[in-house]
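Input: a single structure, listed below in structure tokens.
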2 protein chains.
Amino acid sequence: MAEKVTIATVAQHARVSRQTVSNVINAPHIVRPETRQRVQDAIVTLGYRANQAARQMRTGRSRLIAVRIEPTRDGINGSVLDRFLHGLTETAEASGYRVMLYTAADDDREIATYGDLLSAYDLDGFVITGTDHGDPRTAWLAEREIPFVTFGRPWDHLQSHSWVDVDGAAGTAAATAHLIAAGHRRTGFIGWPAGSGVGDDRRAGWRRALVETSVDPTALDAETEDGIAEGARAARELLDRPAPPTALVCASDSLALGAMQTLRTAGADLPVIGFDDTPVAAAVGLSSVSQPLGDAAARCVDLLTDLLDGPRHGPRQVLLRPALVLRHPA
Amino acid sequence: MAEKVTIATVAQHARVSRQTVSNVINAPHIVRPETRQRVQDAIVTLGYRANQAARQMRTGRSRLIAVRIEPTRDGINGSVLDRFLHGLTETAEASGYRVMLYTAADDDREIATYGDLLSAYDLDGFVITGTDHGDPRTAWLAEREIPFVTFGRPWDHLQSHSWVDVDGAAGTAAATAHLIAAGHRRTGFIGWPAGSGVGDDRRAGWRRALVETSVDPTALDAETEDGIAEGARAARELLDRPAPPTALVCASDSLALGAMQTLRTAGADLPVIGFDDTPVAAAVGLSSVSQPLGDAAARCVDLLTDLLDGPRHGPRQVLLRPALVLRHPA
DNA sequence: GGGCAGGATTGGAACGTTCAAGTTGGTTGA
DNA sequence: TCAACCAACTTGAACGTTCCAATCCTGCCC
């Protein structure tokens, strides 16, 4: 094992003081180019790497950001997190940050974990996913002025903190417009009960697209909880109506998958478009609205590092457009 | 914001020295019970939490373990990582460790990242997934005596380091036995080309189950790369043989899914069992061999903390039995 | 040539913890 | 009676970095 190389080793090797080495690293512009070069050479030669713990103790900053890894929800939608985490880690690395994971069974314990992570590890910031109306977590963080970004809009006060989200309405609108263009004026929708921000948003996009072509959406709308069985049931119910839809847009791939099952057993051949572009959709040839998760993760890191490193400007928001992925059932 | 509470604050409050507080935390048995209680009360009252950075600087240990988050492979099998990570994080927390993520495009860069993580963050250990024959990463770590555990057997020298794995052969054997018990003596297998440790293992289980009932496996075996289309092709090829199988076991859910497609279009109704129990399998009602990922993750952490905290004993190995999840296609 | 401004560099101190080497005070044993 | 010992606790130093204040140059102007 090689000797431990510290800032002092580098200083000695480059015949300068510790502080000058530190300056080369943290404020290169105040060091004379000639000296800077000599120090940089020494750093490379010795393979020096700044010790984060020591830096952290002095500065109080850890260059660490925390993300919660959720106790795998229904599984079918869960795999979304994978891609998001990967994007997050990758972008964070590029900005000199690292990602730390944590879990929590509920909001209260999650908040307790914040305290722990902050005082024990000096965490710099948080990325929060799956926010709800009046989320206690964001309130807690905001109150203490701890930097954080949410992936998902706060549906109550849109401007109060930084967030990144995907424009679900634009996604369902695009899906609906695609079906209308293919001749399906009566495109139905299976979505979640009103009240969830995300669900309402996705329904709104579908509704908008229909209204734009002067079709009344009310008779083509089905509300149900998420799930394959629920989707199947809702599809059956829609087909039994007086003027059934000739195509379907769904708020999730789970619902869409259920709908496809109903259609197959009923021998009906309506096009269905899901939401989230999960692996399942790809596997069964289901068209779906795809969230740009890599981008979303990258923007989350950007907004967070903005809060951490950047000059003091208020919170920022980013709304990304999803893409429509068209497939043909096998 | 509350005043920062350090070990000195606690010491003052409990009328003891810093060191005694430190002892209460790290070596309680050497402190008189009475004093210990007083210190512990002070800790609770003040809400003291040991600063990791300071501890780390002194001890050289970070209580951090690193896991790679992979650049989402084919998606269908990828969602396995989610559950594994969650289990890892949860168990690590219980043992007082935290999980840090990293990415790397290839083995070389992964090794470079090890160096970075070790010298900058003083990482205590690594959990490595997806190991291959003669993996350069494990060699690098072993050479430097850095604690690590792999999820997946090293297929060359089984005893050289700690690992956790799932007994794939037991899984396919159970699946095959189940089908045989249902009357399918000619149970076929679709697996990957010989040479991959995991693939060969899964094939071996199927083969063993057949041989036990005196059926010759050779004519019922198909080799192909992983993928839905490949699975479909292999199934067609198997069905065209002189004595086609009456049931199928597959090395992955992707292959199984492809096989199911072929069977449906061919109007054949053979039972199919996949491997990994991915969300896709659950969605389409595919029976599958389920890996106990939560357990596996927990055991990984156990073995790693064993290496880190425990008394010096050699590497250990854990082989977990997978479970057969039976479903009925919708 | 002496004074001065300002950029470049330096040395001491501090962050919060644990290690190593103490100091106390009480008990044992010859 | 006093050395030796032990348990319980304390004190100073060190980990590697950055902050802060001080010092050293260098060139410029009068």
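Within every chain, numbering begins at 1; the chains are lettered A, B, ... in the order of the sequence lines, protein sequences first and strands thereafter.
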For B:R55, the salt bridge (charged side-chain N to carboxylate O under 4.0 Å, His left out) test, sequence neighbours excluded, returns none
Which donor-acceptor pairs under 3.5 Å do the side chains of residues 7-15 of chain A make with protein atoms, sequence neighbours left out?
residue : atom : partner : partner atom : Å
A:T9    : OG1  : A:T6    : N            : 2.9
A:T9    : OG1  : A:T6    : O            : 3.3

Set of residues satisfying salt bridge (charged side-chain N to carboxylate O under 4.0 Å, His left out) with respect to A:D124, sequence neighbours excluded: A:R61
Can you pull out the residues from residues 31-40 of chain B that lie within a 4.0 Å heavy-atom distance of DNA chain D? B:V31, B:R32, B:T35
With sequence neighbours excluded, what pairs up with A:T35 under the side chain to side chain donor-acceptor pair (under 3.5 Å) test? none
Just to verify, what does B:R109 make a salt bridge (charged side-chain N to carboxylate O under 4.0 Å, His left out) with, not counting sequence neighbours? B:D106
Partner set under salt bridge (charged side-chain N to carboxylate O under 4.0 Å, His left out) for B:R153, not counting sequence neighbours: B:D165, B:D201
Taking ring-ring contact (aromatic ring centres under 6.0 Å, His included) as the definition, give me every residue that meets it alongside B:F84, ordered by chain and number, with sequence neighbours left out. B:F151
Base-contact (B) and sugar-phosphate-only (S) positions in nucleotides 14-23 of chain C, heavy-atom cut-off under 4.0 Å, - elsewhere: BBBBBBB---
Between the opening five pairs and the closing five pairs of the helix from C:dG1-D:dC30 to C:dA30-D:dT1, how far apart are the helix axes, to 10°? 70°
What is the distance, rounded to the nearest whole Å, between atom CD of A:Q12 and atom C1' of D:dT17? 17 Å
Quick one: pull up OG1 in B:T103 and CZ in B:R68 and give me the separation to the nearest 0.5 Å. 8.0 Å
Just to verify, what does A:P136 make a side-chain contact (heavy atoms from CB on, under 4.5 Å) with, not counting sequence neighbours? A:D107, A:I111
Once ring-ring contact (aromatic ring centres under 6.0 Å, His included) is applied, do any residues pair with A:F126, and if so which ones, sequence neighbours excluded? A:Y114
In whole angstroms, how far is the C1' atom of D:dA14 from the CD atom of B:Q56? 16 Å
